[in-house]
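Report on the following structure.
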Amino acid sequence: MTNQITAPFSTATGKDIRVRFCPSPTGTPHVGLVRTALFNWAYARHTGGTFIFRIEDTDQERDSEESYEQIIEALSWLGLDWDEGINVGGPNEPYRQSQRMDIYKEAVEKLKAAGHLYESFLTGEEIDARNEAAGRAKQLGYDNSERDLDQATKDKYLAEGRSPALRLRVPDSDISFTDLVRGEITFPAGSFPDFVVVRPNGHPLYTLVNPVDDALMGVTHVLRGEDLLSSTPRQIALYNAMVQAGITTFIPQFGHLPYVMGEGHKKLSKRDPESNLFHHRDRGFIPEGLLNYLALLGWGLSADQDIFTLQEMAKAFDVHDVNPNPARFDLKKADAINATHIRALSADDFANRLIPYLQKGDVLSTPPTPAQLEILGKAAPLIQERITVLGEASGMLGFLFTDSSKIAIDEDARKGLPENAKQIVAAATAAISALDDFTTDALHDLLNKVLVEDMGEKPKNAFGPLRTAISGRRVSPPLFESMEILGKAETLARLELFARS
RNA sequence: GGCCCCAUCGUUUAGCGGCCUAGGACACUGCCCUCUCACGGCAGCGGCGCGGGUUCGAAUCCCGCUGGGGUCACCA
């Protein structure tokens, strides 16, 4: 009777689709985790379904409140909103598993009453010993030997002071399902033993609470990482039991998203800084860029366009188009995508997003002064198309927010200078001193005439020393624009200082 | 080891039996533009893991092999 999978899979489509994102609050948010959230979000938005956000904090050892806050911060920074769950509520509250213990107790009672759970007294060491004695490989794990323990034996164990874990009696038939991204997958009968769902101390495990909550919350499509693929038949077995116990009426559909790989050919490690979402934010990724790149990890908008917005993604996204191949997290490509999105920002938007990064780089005060904001307004457009991540702004713009006394000449800038650099600077100083119309165009015309036409210098040699004199660097934002922003007095001060050095 | 997943340029991806002389993007190289660096434009480099089938025809379908990855907890 409990020997076959008889429960039906969900047939929900369109608005009836319910997906969820259910992270465990351990550590800082991982880019793979965010990708999972993104795909679930996009599928819900695409279908008009519901996106549920639940927290799986049933591991008191590893869960932390800090991590919980970070996950929420990550989602809101990225602009991934949810319809039901943490902070927004819904018909299935609470949405933190640590607050749902009574619910699990009830589910366990129903499952027990329907005969799907049984008490298991053997410890891990005893299970290993039994395997050894029977000549079975240890990796085979539990041998299902307590399925039909008689009361006398149980009493004996109890008298020894043991308390039993609860295991699910799994069907001994093949278990098949149609994976949304991989197609038909079958696990042969006997692929896994009866597994523990409740600890001897009464604490329910992930193996129980994840499917129970999905069932109770009416989740129709489970989109999750490939690492959970091999636990899917176990969960289907549990769903089947839950249907028979009257807890739910269907098994959700499953789709397993490809791994996000790191350097080499390994799953991107939690210890790798590239896996840390906030590391990328700190470098100056903007949400638009990061989300776009993350979407490319297993999905694409079309054959010849890989730059798109969240809205475009939502409009086009379908799990069936997800590629099963593991995808490497390629920072260079991510940077390029981010740079493209930065260039697409309006000038004001771009300038505003720069502020926190410039403050972190000690370029701007907190809050910025009106004078600083005025300079920023003029300077930001000069670097918008030369920047990959916002964190680069401090280095490129710093010289515009300081004064001549703070300008240090970089070593590589000094090395690239021509022999007659000081002559050139002196000639420029003389010419500029007499200039009243201190604007980009006038500066360009004047210096071009004096240095290139009259002195016969190549443009590169003519303007390089000036660039270095005012910025201290070999490369800088456009020279004449920079001079205009600095103003005549400051520009001359820097040129004179350079000539004397 | 058992079980499961995966397999197109360096990376990512298009391709779902003839439109493929295998397309795009990132990276790389060269040229152009140019006050540096970028941006932009043009050009180039570079790939169907191997072996069998099926078919008039296979990157596309089937089988095997090889390779890679994951999973086998009283973690999630």
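Chain naming here is simple, since letters A, B, ... match the order of the sequence lines and numbering starts at 1 in each. Quantities reported herein were computed from a predicted structural model and do not represent experimental measurements.
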With a sphere of 6.0 Å drawn around [atom1] of [X], does it hold more than 12 non-hydrogen atoms of other residues, nucleotides or ligands?
| X | atom1 | answer |
| --- | --- | --- |
| A:Gln99 | CD | yes |
| A:Glu184 | CD | yes |
| A:Glu66 | CD | no |
| A:Gln60 | CD | no |

Using the [atom1] atom in both, what is the distance from [N] to [M], to the nearest Å?
| N | M | atom1 | answer |
| --- | --- | --- | --- |
| B:C20 | B:C26 | P | 22 Å |
| B:A25 | B:C6 | P | 29 Å |
| B:C48 | B:C9 | C1' | 10 Å |
| B:A22 | B:C45 | P | 12 Å |
| B:C61 | B:C39 | P | 39 Å |
| B:G30 | B:G67 | P | 39 Å |
| B:U36 | B:C31 | P | 15 Å |
| B:A7 | B:G64 | C1' | 15 Å |

Assign a letter to each nucleotide of nucleotides 34-46 of chain B from its 5' end: B, base within under 4.0 Å of a protein heavy atom; S, sugar-phosphate only; -, no contact. -BBBBSS------
Spell out protein contact along nucleotides 70-75 of chain B as letters: B when the base is contacted, S when just the sugar-phosphate is, - when no protein heavy atom is under 4.0 Å; keep the 5' to 3' order. SSS-BB
Can you tell me the distance, in whole Å, between the [atom1] atom of [X] and the [atom2] atom of [N]?
| X | N | atom1 | atom2 | result |
| --- | --- | --- | --- | --- |
| A:Asn325 | B:G49 | CG | C1' | 14 Å |
| A:Asp335 | B:U12 | CG | C1' | 15 Å |
| A:Asp304 | B:A22 | CG | P | 19 Å |
| A:Asp306 | B:A14 | CG | C1' | 12 Å |
| A:Asp174 | B:C3 | CG | C1' | 12 Å |
| A:Leu331 | B:C26 | CG | P | 15 Å |
| A:Gln235 | B:C4 | CD | C1' | 15 Å |
| A:Arg328 | B:A27 | CZ | P | 15 Å |

Taking the six-membered ring for Trp, are the ring centroids of A:Trp299 and A:Phe308 within less than 6.0 Å of each other? yes
Verify the ring-centre separation between A:Tyr95 and A:Phe53: is it less than 6.0 angstrom? no
Just call it for [X]: base, sugar-phosphate, or nothing, with non-hydrogen atoms closer than 4.0 Å on any strand.
| X | result |
| --- | --- |
| A:Thr186 | sugar-phosphate |
| A:Asn323 | sugar-phosphate |
| A:Pro188 | sugar-phosphate |
| A:Phe192 | nothing |

Please give the nucleotide sitting opposite [N] as a Watson-Crick or G-U wobble pair, both distances under 3.5 Å, or none.
| N | result |
| --- | --- |
| B:U71 | B:G2 |
| B:C35 | none |
| B:C56 | B:G18 |
| B:U11 | B:A25 |
| B:G30 | B:C42 |

Kindly indicate whether a cation-pi arrangement holds for [X] with [Y], taking the cut-offs as under 6.0 Å to the six-membered ring centre and within 45° of the axis.
| X | Y | value |
| --- | --- | --- |
| A:Arg494 | A:Phe498 | no |
| A:Arg162 | A:Phe121 | no |
| A:Arg473 | A:Phe399 | no |
| A:Arg35 | A:Phe329 | no |

On RNA chain B, more 5' by nearest nucleotide between A:Ile185 and A:Lys332 is A:Ile185
Does A:Lys333 make a side-chain donor-acceptor contact with the base of B:A27, cut-off 3.5 Å? no
Do we see a donor-acceptor contact under 3.5 Å between the side chains of A:Gln70 and A:Thr28? no
